[in-house]
Structure formats: C-alpha cells, structure tokens
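First listed ligand is number 1; within each ligand, the first listed atom is number 1. This structure is a prediction, so every number in the text was calculated from the model and none was measured. For the single chain, residues carry numbers from 1 onward in sequence order.
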Amino acid sequence: MLTATAGFRHDSIGAAREVMPQLAGQTRTFTVTATEDLKTITPATLGSTDVLMFALTSGELAFDAAQKDAIAAFVQNGGGFIGVHSATDTLYNWPEYGRIVGAYFKEHPWTQEAAVRIEDAAHPISSGVPASFRLLEEFYTFRQNPRPLVHVLLSLDPASVGAAGDFPLAWTQTVGRGRSYYNALGHFDSTWRDARFQRQLTNAIAWTAGRQ
Ligand SMILES: [Zn+2]
C-alpha cells in the first residue's frame, strides 16, 4: 500500500493507513505493508506481494526506469493492482501506468452528498454492497470515459448531482495476466470509515489477488 504523493496530498491518507490494517485484522484474509517510501517498491518486495495498492497517490512519483519496469512486469505477470481516488491523478507521464489504473483524472465538479449505483451486482467485488447508496464525496470525472476499456462496477447517479451523462466511479480490468481495480471514492476520512466502501476494498483485494 503506497500513499506517496508528488502533488495534492489528501488529509484522508491518515484514515486510509489506519483503516486498511484494521480491515486486515478483521478479515484475516490479508496483511498490509503501508509505505510512503518509493524506494521500497523493488522487484524483491513486489516478489512477495500479491496486490500493489496506490491509495491517494498523486503527481509524478519519482520511480526510476527499473522500478517502472518492475511494476509493469508485476501486473503483466499476474500481480494485482488497486488504485484509490487520486491514483488516477498520478503518473500522467507514464502511459503504461494509465493503462493499469484505467483512466486519468480530469476534474471534480461535485463535492457533495450524491447517489452511487452498483452496475454489476454479480461481480465478487460487489458482494455485500448495497445496490445503490448515498454518500458525501468528491466525485471525479476522467479525461476519457474508461467504459469502453474496462468493466464498470460503480457509477454516479447523475440525477443526484443535477447532471446528465455517464460517470463511472469504479471498475475492473485485466492487464496481461494481472487484475486491476480502481475506485474513485476516498476523498474524505468518512469514506474510508464507511462499511460500504470498506467492503468493496476487501473484496477487491481478494479479486485482484486472484482468489475469487
Ligand atoms: Zn480528493
């Protein structure tokens, strides 16, 4: 779990780093190694990792070429990737990363309570998550709608923000032999403490790790 930033730094990083080990302790299905130190992302550490999670990362993180190769190879060869919230506001200048996370952030037109909808209730990541629910969030839009390239699991109900259009908020895809999941929620501490968000993340860890 990487929470390093080279751009905007979310206040909710503290909550994220608190909640993920709590979920690990509750579910006993995974353990978390949280780091802010890019140097710890190496072929060796990735070799003992099932899922690489970019949580609230931002900007042009200063990975060297060998690290980028190692991350890309990790996913291509069957490693899991999870991106959360500003993981799409990260590494714009590394197109392979953009393919792994699925889209790049464009803007956040709505910071308010709104409704979100599960689009694929049968997907393992949706298990135990209500079909629709309301929450306070900073809702993202993306430079390109990722829908043609990914499997959308969660989207914004546009009517709930007085808008029209298609606004995917979470999705899966396969990248080589690896599985990737992105969830655009997570701006506020309250989201990280929200059981409906937590359920998606714990399910996503199992799915991206290839256990489901
Ligand atoms: Zn945010």
Side-chain angles (χ1 to χ4, degrees), residues 1-23 32 34-36 38 51-63 81-94 97-98 100-118 125 129 132-147 150 152-158 160-163 165-172 180-202 204-205 208:
M1 175 182 182
L2 180 71
T3 55
T5 55
F8 184 80
R9 189 167 178 87
H10 279 87
D11 289 341
S12 56
I13 284 174
R17 291 178 65 111
E18 237 178 74
V19 163
M20 292 311 297
Q22 286 171 3
L23 294 177
V32 179
T35 183
E36 290 270 317
L38 298 182
V51 178
L52 177 61
M53 180 180 190
F54 278 34
L56 302 167
T57 53
S58 68
E60 297 304 314
L61 300 173
F63 291 119
F81 178 85
I82 294 177
V84 181
H85 195 55
S86 53
T88 48
D89 186 33
T90 302
L91 294 164
Y92 292 89
N93 296 332
W94 181 23
Y97 176 79
I100 292 169
V101 75
Y104 284 117
F105 167 79
K106 181 183 177 192
E107 54 192 356
H108 48 80
W110 310 288
T111 301
Q112 62 180 86
E113 188 182 300
V116 298
R117 305 182 290 211
I118 295 290
I125 295 176
V129 183
S132 70
F133 56 96
R134 299 181 65 86
L135 82 166
L136 170 68
E137 248 304 325
E138 176 191 74
F139 292 99
Y140 276 9
T141 61
F142 302 94
R143 289 181 174 181
Q144 291 185 307
N145 186 334
R147 188 179 290 276
V150 302
V152 176
L153 295 184
L154 183 74
S155 58
L156 179 68
D157 175 355
S160 71
V161 294
D166 178 32
F167 303 105
L169 291 175
W171 54 76
T172 63
S180 170
Y181 172 76
Y182 171 74
N183 192 315
L185 308 179
H187 179 78
F188 291 112
D189 287 17
S190 54
T191 303
W192 287 91
R193 302 192 193 290
D194 187 316
R196 302 162 299 188
F197 180 64
Q198 293 177 353
R199 187 67 187 248
Q200 292 170 74
L201 294 182
T202 53
I205 288 167
T208 54

Matching residue for Phe167 among Trp110, Phe142, Tyr140 - test: ring pair (Phe, Tyr, Trp, His ring centres under 6.0 Å): Trp110
Donor-acceptor contact present, side-chain Thr57 to main-chain Thr90, <3.5 Å: no
Ser160-Arg134 side chain donor-acceptor pair, cut-off 3.5 Å: no
Residues 185-194, side-chain donor-acceptor partners within the protein, below 3.5 Å, at least two apart:
residue : atom : partner : partner atom : Å
His187  : ND1  : His10   : NE2          : 3.1
His187  : ND1  : His85   : NE2          : 3.4
His187  : ND1  : Glu138  : OE1          : 3.0
His187  : ND1  : Glu138  : OE2          : 3.4
Thr191  : OG1  : Glu137  : OE2          : 2.6
Trp192  : NE1  : Gly186  : O            : 2.9
Arg193  : NH1  : Glu18   : OE1          : 3.4
Arg193  : NH2  : Glu18   : OE1          : 3.3
Asp194  : OD1  : Arg196  : N            : 2.8
Asp194  : OD1  : Arg196  : NE           : 3.0
Asp194  : OD2  : Arg196  : NE           : 3.4
Asp194  : OD2  : Arg196  : NH2          : 2.7

More than 12 heavy atoms of other groups within 6.0 Å of Gln144 CD: no
Ring-ring centroid check Phe81 Phe54, cutoff 6.0 Å: yes
Atoms named by residue and atom, protein N, O or S, within reach of the Zn ion (ligand 1) (under 2.8 Å): His10 NE2, His85 NE2, Glu138 OE1, His187 ND1
